[in-house]
Each structure stands twice: as structure tokens, then as C-alpha cells.
Protein chains: 2
Amino acid sequence: MSKNKTFIEIAKALGISPSTVSRALNDHPRISNETKQKVKKLALELDFTLNPMASSFRSNKTQTIGIIVPRISFYFHATVLTVVQNLLWKEGYQLIICQSNDSPEVEKELVNTLYASRVDGVIAATTLYTTDFSHYDILTRKQIPLVFYDRVPVNYYPAQIVKGDDYKGGFEAAEHLIKLGCKSIAHISGPLTCNLYKDRYAGYIDALKKYKIPYRQEMVFFHELSMDNAVESIQKIFKMETKPDGIFTANDTSAIGALMVARELGIEVPKEFKIVGYSNDPRSSIISPGITTIDQHPEIVGQQLAITILDLIRGTETKVELITEPTITPITLTIRESSKVL
Amino acid sequence: MSKNKTFIEIAKALGISPSTVSRALNDHPRISNETKQKVKKLALELDFTLNPMASSFRSNKTQTIGIIVPRISFYFHATVLTVVQNLLWKEGYQLIICQSNDSPEVEKELVNTLYASRVDGVIAATTLYTTDFSHYDILTRKQIPLVFYDRVPVNYYPAQIVKGDDYKGGFEAAEHLIKLGCKSIAHISGPLTCNLYKDRYAGYIDALKKYKIPYRQEMVFFHELSMDNAVESIQKIFKMETKPDGIFTANDTSAIGALMVARELGIEVPKEFKIVGYSNDPRSSIISPGITTIDQHPEIVGQQLAITILDLIRGTETKVELITEPTITPITLTIRESSKVL
DNA sequence: GTGAAAGCGCTAACAT
DNA sequence: ATGTTAGCGCTTTCAC
């Protein structure tokens with residue numbers, strides 16, 4: 001097992017120049033295949049690999065991409081991460097995964113650290129509360145490729161965007177309930193500062209309009225989508241004189257909460273009360289009755305993210321202003337027992 | 001906004017030598033506070049940060065630690081990751097998170113890539129099927145700190161180990177069922193090549209022995225702990241002439257499977273059949289009835305991991321053979337409805 | 001298609 | 001407590 005010093009010994013052994021060895025190892029197009037072969041063979045035999053620190057230092061490329069997610073354990077993000085990582089890994093990039101824990105302060109710190117560690121690009125889903133995106137400016141200013149996904153800037157920000165079709169998701173969720181005969185549909189939404197909830201809410205509203213179902217303000221809640229909050233809201237709903245016969249919640253945790261409250265109160269789901277959640281969290285399928293939900297296809301999102309950031313990084317030398325329209329990834333209504341007609 | 005070149009301009013501006021600036025920026029103990037202050041102040045004003053690539057290159061330290069997990073989305077690992085990352089981040093280390101997807105081949109590749117990227121240390125939970133650990137040799141041979149956790153080498157391997165008290169977990173799970181009056185307790189275990197299942201199984205066996213409950217081989221299953229496998233085994237169990245009145249499953253997915261089969265067959269849980277799982281997966285609390293399970297305290301595991309790897313990295317220059325006994329992290333029996341006496 | 005030569009920005013041994 | 005000095009291993013013009 002050699003000491004893995006430099007490739008100069010390879011150059012010497014082969015009687016060629018160090019620069020040729022470097023180029024051969026890096027698959028430089030102008031090096032003959034024969035030379036490449038020779039060099040790589042010897043490198044393998046000598047158990048030699050390029051020192052990535054030296055390479056990064058010299059070339060100013062780290063082959064590292066940072067990704068900021070609110071929480072690594074959320075099913076949607078976990079799946080996106082897996083896909084992105086696999087894809088980037090194949091292309092020779094490493095992923096630094098960072099969690100903001102939905103704190104804008106942490107997010108800001110993460111951006112700075114990522115910047116300081118000279119990542120080649122950044123992918124980010126912002127926190128629920130990020131309305132000011134100026135902490136990302138350091139990246140755009142220094143031309144570091146940046147792509148937002150899922151939770152993205154609501155107003156224009158000079159970065160690429162990949163997002164799900166939340167409007168359509170909200171619309172289809174509500175429409176589904178309406179077509180099942182629901183006349184009074186509650187909605188649990190997150191803070192409207194977040195594009196996700198704004199769009200899902202808009203879809204819900206438009207579905208009601210389209211089918212001439214009255215919008216009832218007292219049945220619509222805006223708050224962080226935790227189990228506790230959801231339970232509280234749903235308890236309120238069931239205390240009303242005119243109770244709803246269906247609910248669309250902007251995440252699955254809230255849908256599960258709705259199911260639990262209904263169970264406690266002896267309200268039959270789906271017979272008396274139908275539920276549609278959002279995200280297709282695995283929990284929504286193991287619970288009984290299974291919960292109808294909107295699948296966001298995290299694999300597609302992840303794939304799109306990898307493609308986008310790679311394009312940006314590779315195209316960065318040629319064109320500079322290549323920010324295009326947001327990429328909208330599809331959603332699919334996934335029907336389970338919580339909204340089946342009996 | 002400056003061009004962020006080198007700290008030589010800081011040295012010049014302050015009339016001191018570059019090495020002093022370097023030391024000041026790195027909080028070298030032999031630099032006066034006054035100098036440090038001055039240097040840091042100017043660096044801030046100039047928006048200057050050290051180039052980590054140059055630092056890494058020169059010092060041969062990447063300030064990066066790799067962690068290999070079977071799957072990022074598993075609750076236990078997701079929580080461990082979160083804790084480890086937060087702690088390491090605070091100490092100025094970045095975490096490269098890698099997934100083996102439980103494939104020994106991928107695991108091997110990950111170790112090699114991590115090695116090639118000169119990480120300062122590696123943390124790993126091996127795959128379910130890793131019995132040969134020689135692909136980790138490259139790390140130990142090159143003195144790169146390595147700590148295994150959760151799923152660890154069964155035989156001696158020269159690396160630090162952090163693991164849960166699986167024997168105790170298995171014992172307490174079985175004992176709990178026994179004390180509740182169960183006379184016939186089934187067990188769903190994973191492959192015994194994995195320390196986790198071996199130990200939990202041993203605990204189960206010993207509890208049966210202690211309380212003189214007969215061990216019934218036909219009620220014990222060894223297979224990958226997927227939902228499908230679990231459902232299949234449990235269906236078999238309920239087809240037997242003498243049915244069990246309790247089950248201990250080595251993960252929560254299987255426990256959920258057991259619950260679902262029972263539900264389908266109209267067997268009342270916990271009245272006729274009591275269930276204890278393992279891991280305290282969030283799903284075990286949202287399902288109804290809630291599932292009794294063994295909490296592995298991933299936060300404690302994560303904390304221990306961070307401490308251990310940091311110690312190893314920092315002590316690496318002084319002592320070399322400092323591998324100590326495995327660190328055993330505690331478990332807690334968490335009782336829910338699936339094993340309540342009625 | 002290959003070679004020569006010039007550093008990239010930093011750290012650390014040694015000196016004082 | 002601070003300065004001097006010598007590279008770390010690689011990429012990349014520029015030349016042929």
C-alpha cells in the first residue's frame with residue numbers, strides 16, 4: 001500500500017510530464033486514450049487517488065453542494081434528499097445536508113457557513129417564516145448557483161425555482177370532496193406567508209367557487225401545522241352549530257389529527273366526515289381508515305433539483321442570466337378510505 | 001464588498017506578519033488577545049474569511065466527518081443525524097451524510113469515496129447484511145477515526161462502538177408481556193447476523209427462561225423487518241392451533257403489521273393479544289391502539305457519537321490505541337394501549 | 001497531444 | 001508573542 005503522495009512518481013515511472021498525468025486523471029479531452037489508459041492503470045496499481053483538497057484549492061471547485069431543509073425527518077424532504085444525493089453522488093458531487101429547524105436565524109447562519117465553505121451550489125427549501133431572503137444575496141452576488149424548492153420566495157428572487165403544483169393540489173383535494181357530496185368543507189392551512197399554503201388555499205377557494213359551495217370563514221384555520229394545533233382547531237369545528245361534512249388539511253399531520261378527534265367524538269369517517277390531507281406521508285396509509293392525500297412525488301422533485309443545480313453549475317461559466325420560469329412538478333390525488341363513498 | 005483574496009492585505013494594513021494573522025484567525029493560544037481582536041475586526045470589515053480549501057490542503061484536515069446510515073428516513077437514524085449534525089456543526093465540522101440503502105456494495109463504495117475525500121472521521125451504522133467489515137480497513141489502516149453505532153460489527157473490529165442496550169430491551173419487552181399475564185409470546189426478529197436482533201432475541205429468550213415460559217420455536221420468525229414480511233408471519237401465527245396471547249417484534253413496523261392483522265381477524269388488542277414493538281417510531285403513537293415499544297433514545301446516541309468521534313479526532317495525534325469498551329446507551333420501555341391490562 | 005513553469009492561500013516548523 | 005520561510009499537490013496558461 002503506497003503512501004499516496006503525488007502523481008509525480010507516476011509521471012516519472014511513465015516518462016511523461018506531470019501535467020499530462022493530471023490531465024489524464026481528469027479525463028481531459030486532448031489527451032490520447034492510450035496515455036489515459038496507461039496512467040489510470042498505474043494509478044490503480046499504486047493505489048493512488050488525486051488529493052481532492054489540493055484539486056479544490058487549485059481549481060476553486062469543491063465538488064460539493066449544500067442543501068438546506070427545514071427538517072431532515074419530514075418524509076417529503078427525506079425522500080427528496082435521498083434522490084438528490086444519489087444523483088449528485090453519481091456525478092461526483094458531495095452533498096452537505098443542513099437543517100434549519102424552521103428557524104430563519106439558523107437558515108441565515110447555514111447560508112453563511114455554506115458560502116464560507118465554498119460550495120459549488122446551494123439547494124434550499126426555506127423556513128415557514130422566511131419572508132426576507134436577503135441572507136441568500138451573498139450567494140447570488142458571488143454567482144453561486146442557487147435553487148429553491150418546495151418553500152420558495154413568494155416575490156421575485158433571482159434564483160431558480162422547483163415547486164409542486166400546490167394550487168392544483170388544493171383544487172383537486174377540495175373538488176374531490178365536493179364530488180363526493182360534501183356541502184361544507186373545512187380547511188386547515190399553514191401561515192399564508194408560505195407559498196405552499198397560499199397556493200393550496202387558493203386552489204381550495206377556487207374549487208368552492210366553481211361548484212358554488214359557500215366559503216365559511218369560521219371553518220378555515222391558519223396556523224403552524226402541528227398535531228396539537230390541528231387537534232385544537234378541529235375540536236372547535238365540531239363544536240359549531242353547523243358541522244362540516246369534510247375537511248381538507250394542508251398536511252397529513254393535521255389530517256391524522258382530524259381523524260383522531262373524529263374518532264374520539266364518535267364521528268364516523270368517512271361516512272359522516274371525509275378527510276383529505278397533503279403529502280402522502282407514510283403515516284396516512286398505515287392509519288385506519290387510510291387517509292386520502294395529495295402525493296407530491298418527492299422523487300420527481302429530487303430528480304428535477306439535481307438536474308437543475310448541475311445545469312446551473314456547469315453552465316455558470318458560459319451564460320450568467322439563465323434563470324428561467326419555475327419548474328412545476330406534478331401532484332396526484334391519492335384516494336384512501338377517509339374519503340370513500342360508502 | 002472586497003474580493004476576499006488573502007489575509008496578506010490584513011497583515012500589511014496592520015503592519016504585522018501573515019503568520020500572526022493566520023494564527024489570530026485560528027485562535028492560536030499564543031497570540032495576544034489584543035492582536036486577535038484587531039485582526040478579527042479588520043477581517044470582518046473587509047468581509048474576509050479564510051479559504052477553507054487552502055486551509056484543508058495545507059493542514060491535511062478537512063473539518064468534515066462522514067456518516068453512513070442505512071436509510072436517512074428511518075426515525076431513529078433521522079434523529080441521530082439531527083443531533084450529530086447540530087453538535088458537530090457547533091464544533092466547526094461539516095457532516096457528509098450517506099445512505100447505504102442497506103446494500104453492502106453501496107456501503108463499500110461509500111467508505112471508499114469518503115476515504116478518497118479525506119474526511120477527518122467516519123461514523124457508520126452498517127447494513128443488515130454486512131458480516132465482512134474489511135472495506136472499513138482502509139480507514140483503520142490510515143488511522144482515520146471510525147465509530148460504529150446501532151448496527152455494529154459482531155466480532156472484534158478495531159473501532160469504537162456506540163450501541164443501545166438491545167439485550168435489555170428484548171428482556172424488558174418480554175418481561176413486560178409476561179407480567180401482564182401472557183403465557184405464549186411470539187417473536188418477530190431480524191436476521192441474526194445483525195447484533196441488534198441477536199441481542200434482542202437473547203433478551204427475549206432469557207426473560208422466557210427466567211419466568212419459566214416455554215420457548216416455542218414455531219412462534220419465532222427471522223426475516224427482514226418489512227411490513228409485508230411481518231404481516232405474512234403474523235398471519236401464520238394466527239393460523240396455529242394454539243395461538244399466542246402476545247408478541248414482541250424487533251421493530252415497530254412489524255408491530256404495526258401485527259396490529260393490522262389482528263384488526264383484520266377481529267382479534268382484540270390488547271384484550272386477547274398484546275403487542276410490544278421496538279424503536280418508538282412516531283407511527284407507534286399515532287396508531288390506535290397506541291403501540292408499546294422500546295425507546296432507544298436516539299438523542300443520547302447522537303450525543304454520544306458526536307463526543308466520541310470528536311475525542312478520537314482530537315486525540316488522534318497523542319495516543320493511537322485508545323479504543324475502549326463499547327458505549328451502551330440506555331433504552332426505556334414505553335407503555336401504550338397495545339399492552340395495557342383492561 | 002504533450003511539456004514547462006507558475007503559483008493557488010494557507011499553515012507550521014523553526015527562529016527569535 | 002511574533003516573524004521567516006518553505007512548501008502542501010495540484011491545475012492551468014502558454015508554448016510547441
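Lettering of chains follows the sequences in order, A, B, ..., and the numbering in each one begins at 1. The structure presented is a predicted model; accordingly, all values stated were derived computationally and were not measured.
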*Asks:* Would you indicate which nucleotide in C/dC10, D/dG9, D/dT11 comes nearest to any side-chain atom of A/Asn51?
*Replies:*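 Among C/dC10, D/dG9, D/dT11, the one nearest the side chain of A/Asn51 is D/dG9.
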*Asks:* I would like to know whether A/Asp137 and A/Ser134 meet side chain to side chain contact (heavy atoms under 4.5 Å, CB included); could you show each step before the answer?
*Replies:* CA-CA 5 Å; A/Asp137 291 353; A/Ser134 59; 3.6 Å; yes
*Asks:* Taking only the side-chain heavy atoms of B/Arg58 (C-beta and beyond), determine which of D/dA6, D/dT11, C/dT2 contains the nearest atom.
*Replies:*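 Closest nucleotide among those given: D/dA6.
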*Asks:* Answer yes or no: does a side-chain N or O of A/Ser17 lie under 4.0 Å from OP1 or OP2 of C/dA4?
*Replies:*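 Checking A/Ser17 against C/dA4: no side-chain N or O falls below 4.0 Å of OP1 or OP2.
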*Asks:* Please collect all ring-ring contact (aromatic ring centres under 6.0 Å, His included) contacts where either partner lies in residues 56-80 of chain B, sequence neighbours excluded, each pair once.
*Replies:*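 Applying ring-ring contact (aromatic ring centres under 6.0 Å, His included) to every pair that reaches into residues 56-80 of chain B, excluding sequence neighbours, yields A/Phe57-B/Phe57, B/His77-B/Tyr149.
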*Asks:* Students often get this wrong, so: under 4.0 angstrom with heavy atoms, is A/Asn26 touching a base, only sugar-phosphate, or nothing?
*Replies:*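 Answer is sugar-phosphate: A/Asn26 comes under 4.0 Å of backbone atoms only.
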*Asks:* Picking from C/dT11, C/dG1, D/dT12, which would you name as closest to the side chain of A/Ser22?
*Replies:*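 So the side chain of A/Ser22 is nearest to D/dT12.
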*Asks:* Show the atom names and distances, to 0.1 Å, of all donor-acceptor pairs under 3.5 Å that link a side chain in residues 88-99 of chain B to residues at least two apart or in another chain.
*Replies:*
unit_1  : atom_1 : unit_2   : atom_2 : d
B/Glu91 : OE1    : B/Arg314 : NH2    : 3.0
B/Gln99 : OE1    : B/Ile72  : N      : 2.9
B/Gln99 : NE2    : A/Thr82  : OG1    : 2.9

*Asks:* Return the nearest nucleotide to the side chain of A/Phe57; candidates are D/dA1, C/dA13, C/dG9.
*Replies:*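 So the nucleotide nearest the side chain must be C/dG9.
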*Asks:* Is B/Ser32 touching bases, backbone alone, or none of the nucleic acid, heavy atoms closer than 4.0 Å?
*Replies:*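 Sugar-phosphate contact only - B/Ser32 comes under 4.0 Å of backbone atoms but never of a base.
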*Asks:* With a 6.0 Å cut-off (strictly less than), is the heavy-atom count around NZ of B/Lys40, excluding the residue itself, greater than 12?
*Replies:*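 More than 12 within 6.0 Å, yes.
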*Asks:* Got a donor-acceptor pair under 3.5 Å from the side chain of B/Ser19 to the base of D/dT4?
*Replies:*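 Pair found.
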*Asks:* Scan A/Thr35 against the nucleic acid and name what it touches under 4.0 Å (heavy atoms): base, sugar-phosphate only, or nothing.
*Replies:*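 Counting heavy atoms under 4.0 Å across all strands, the contact made by A/Thr35 is with sugar-phosphate only.
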